[in-house]
There are 2 protein chains.
Amino acid sequence: MSLTHAPAGAVRQGSLRELNLALVLGRIATADRPPSRADLATATGLTRATVSAVVEDLLAGRLVSESDPAPRSGAGRPARGLVLADQGPAGLGLEVNVDYLAVCVVDLAGQVRHRTVHRADLRPVPPADALALLVEMAGAAREDAAGHGLTLVGAALAVPGLVDDAGLVRLAPNLGWRDVPVPALLAAHPPLIEQVPGVPALVVDNEANLAALGELHSQPPGPSSFLHISGEVGIGAGIVLDGALFRGVRGWSGEIGHLPVHPEGRPCRCGGQGCLEQYAGQEAIVAAAGLARAELPADTATARLAELAEAGDADALRALHDAGTALGVAVASVVNLLDLDTVVLGGGYAALAPWLCPPVLAEIDARVLTAAWSPVTVRPSTLGAEAAAVGAAGSVARRIVAQPAGWLARSG
Amino acid sequence: MSLTHAPAGAVRQGSLRELNLALVLGRIATADRPPSRADLATATGLTRATVSAVVEDLLAGRLVSESDPAPRSGAGRPARGLVLADQGPAGLGLEVNVDYLAVCVVDLAGQVRHRTVHRADLRPVPPADALALLVEMAGAAREDAAGHGLTLVGAALAVPGLVDDAGLVRLAPNLGWRDVPVPALLAAHPPLIEQVPGVPALVVDNEANLAALGELHSQPPGPSSFLHISGEVGIGAGIVLDGALFRGVRGWSGEIGHLPVHPEGRPCRCGGQGCLEQYAGQEAIVAAAGLARAELPADTATARLAELAEAGDADALRALHDAGTALGVAVASVVNLLDLDTVVLGGGYAALAPWLCPPVLAEIDARVLTAAWSPVTVRPSTLGAEAAAVGAAGSVARRIVAQPAGWLARSG
DNA sequence: GCTATTTGTTCAGCGATTGAATTATTTGCC
DNA sequence: GGCAAATAATTCAATCGCTGAACAAATAGC
């Protein structure tokens, strides 16, 4: 589950080419216009000769293709622009959540090429059955992707809970899962992906982490360090530092829902007191707004809240303001600690951002020592509802871009 | 101020050797016994031939030396052990604090080879005068170091405040500094260090950050991710993730002293309410213990508290317990967020650790969701009082180990 | 004294980058 | 239309550094 994109180990002769393949491909991926070989040479510091050789490898491996010439004014031989191939390797993203299953396919460029969502209450469904359904959806996704010339090289599964290094779901409270051995359960089904060196066949991770990765790789590119908060029934956060997700010593970082915002306040099911989740979790907001939980399916609760707030309902507005204040206290802690300048509200919070942002910002201004010199941006996520599935698939595709040598060794 | 120890840029022909020099030297630095060339080959994955060539460069540059043969049982040609040289490059560490100035010199192996402390109340002293005094002490340190065959290749200055990328001290509240241009003030004095490519002549950083780096590089090596808390008049934290200090977007991470532990509690001079500093800062503990601030010099306050607690003074014990509980709430937030498994209490907290640790651990157990699966260690710092100065000097020496090519290019 | 064993060095070979020269292709100007 | 200037991309000998195997060095055990 740890993603080290620094070589760190022995630097052999061949590592040199591997590193430069990744360097050039990464540059092509992040450029805002299709760069020419000459552009890449000046941007990377390599010579044109080397760049040509590297690009030749990438073209042969079908990781990049030549686009229409980049519009450039002036004399000289016209450049040939290089873009990430829209065929070739792609990532499979899977998501199990409380009220839906989602599957998607993302290509090298980060484009979502396939998307399926199956809405259902998954709480009464045994984990093995839920995963079987997901595999069935993934099979159809693979067929569709193959039709577009895409090969699935890895899969990532997002779950709303704690996952350990081996992919064991220790605890997914809102889903009712405990100690579910996901890799073993999925191994019972025929494989959907083609193994590529350097790309794990299956990664299982927290949905908040994967949603944050999705935000990191979304277009247009945003900051490389930020906090992404997924506000669902539970509240999770993905912490992106210097362009990499920070997972913590055991991969359990981001439990922002259990930051104490009122240390002597309401007891929480985690055993603590006054956790953020008790004041800004979906159930807490719904209850504070005077809505009966029973009459609302989970997937419409935030929509209903947004409707009421839009209409000026006083109870809803007050509930959202209080929740935003509690969230702001927690966010202020994070900003004081990590000195981040961007906070993204995702999941259910995205739709409620117009009412949550002002109190969050107010708390930040009041409580963050450095706010005077460095304004903090709080904004809703740009990805849609199944952000974690998109982020999961994108994280797989991203691995190919970060380590193209494995794919190239495969396809000759 | 950002230290990227991954190449990330273009990988040229010669980068290969640079990377392997760093790889081998780093291995020598972290080995618990002097390794032979053969040991290094198996440890790094390089061939013995390559390791021999690399080691030859390191020996020629006087970064390592051959030690007495490592005791090894069995047949075969005896190995020649390699150790970091006790002569050659060294780092200069400087510290300005509220009640003392400190200067030290640390060699490649992390040994403190020189140490000077000047105790005085620095609050009434103008910054320029304080720095002039520090430079004078540093001059003597350089003479002493030169007598041991050590060359100063860079300096790092620790200050108790916020520092920006250019070395400008924006705010050091307890010292009374505001917008002090340290590099410009130091440039007025003759240079003390010999410039080496890749090593900045002067780094100015927060004392909590540098103390954390000192802890990271202390012997015996500890974990590579931890939280280091410096409890002085203010409370600062250094966050070490995966062996690297995390400085935040603007270098202002670690302001744990302003985490809200009682959101509607006592007003804080930062403008917020209920900040940790108001409950666990030195002044708060002293006041809660019923000691008059005026009759205590700042540098003896913690010693006096420890004395009283040792003697069983009820007021002192209660004050420490309450401070520890507040600290525990903040630490629980950090652990929930970052999933760290080690917390180091440094600065004034080190001496008070016997009384602070129990309540801190109690709050962690109660509030951290994952505490059941992953015990968190809370322990006092192993470094002494001037930890920041030692960490500062060590961070300079460490740069040579991480990037030896610059030094080698210099000395031919 | 001989063998087994391990360490460290030497050397031809090779892969990858380098830098200069060369070719390719277009714009602008007369 | 033709020519010079300009920019892009390729070719090729030279060079740098790693590799693998053979070899020399040094010791323990029998």
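Side chains included, hydrogens not; waters and symmetry mates left out as well; all remaining heavy atoms used. Chain letters run A, B, ... following the sequence lines, proteins first and then strands; every chain starts at 1.
The pair B:Arg37-B:Glu66 meets the salt-bridge criterion, with a side-chain N (NZ, NE, NH1 or NH2) lying under 4.0 Å from an Asp/Glu carboxylate O. Ion pairing between a basic and an acidic side chain is recognised when a charged N comes within 4.0 Å of a carboxylate O; A:Asp57 and A:Arg17 show such pairing.
Here D:dA9 presents its P atom at 8 Å from CG of A:Asp39, a figure rounded to the nearest Å. In this structure, CD of B:Glu66 is placed 8 Å from P of C:dG8, rounded to the nearest angstrom. Across the protein-nucleic acid pair, B:Arg77 atom CZ and C:dT6 atom P stand 14 Å apart, rounded to whole Å. Rounded to an integer number of Å, the gap from A:Leu16 CG to C:dC14 P is 19 Å. Whole-Å rounding puts the A:Asp57 CG to D:dT10 P distance at 12 Å.
Here A:Asn20 does not reach the OP1 or OP2 of C:dA16: none of its side-chain N or O atoms lies under 4.0 Å away. Within the structure, a side-chain polar atom (N or O) of B:Ser36 is placed less than 4.0 Å from OP1 or OP2 of C:dG8. Taking side-chain N and O atoms only, B:Ser52 has no distance below 4.0 Å to OP1 or OP2 of C:dT10. A close approach under 4.0 Å does not occur between any side-chain nitrogen or oxygen of B:Arg17 and OP1 or OP2 of D:dC16. The side chain of B:Thr47 places an N or O atom within less than 4.0 Å of a non-bridging phosphate oxygen (OP1 or OP2) of D:dT19. A:Arg48 has no side-chain polar atom (N or O) that falls below the 4.0 Å cut-off from OP1 or OP2 of D:dT10.
Side-chain N or O atoms of A:Trp407 include none that pairs as donor or acceptor with a backbone N or O of A:Pro89 at under 3.5 Å. Remark: side-chain polar atoms of B:Ser52 are not paired, donor with acceptor, to backbone N or O of B:Ala49 under 3.5 angstrom.
Distances were taken from every side-chain heavy atom of B:Ala38 (C-beta onward) to each of C:dT18, D:dC18, C:dG8; the shortest belongs to C:dG8. Checking C:dT7, C:dA16, C:dT9 against every side-chain atom of B:Arg37, the shortest atom distance belongs to C:dT9. If you check C:dT26, D:dT27, C:dG8 against the side chain of A:Pro78, the one that comes closest is C:dT26. Side-chain proximity of B:Ala49 to C:dT10, D:dT27, C:dT17: nearest is C:dT10.
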(request) Go through A:Arg247 and A:Asp205 one step at a time and tell me if the salt bridge (Lys or Arg N to Asp or Glu O under 4.0 Å) criterion holds. (result) CA-CA 10 Å; A:Arg247 289 190 161 83; A:Asp205 207 341; 2.7 Å; yes

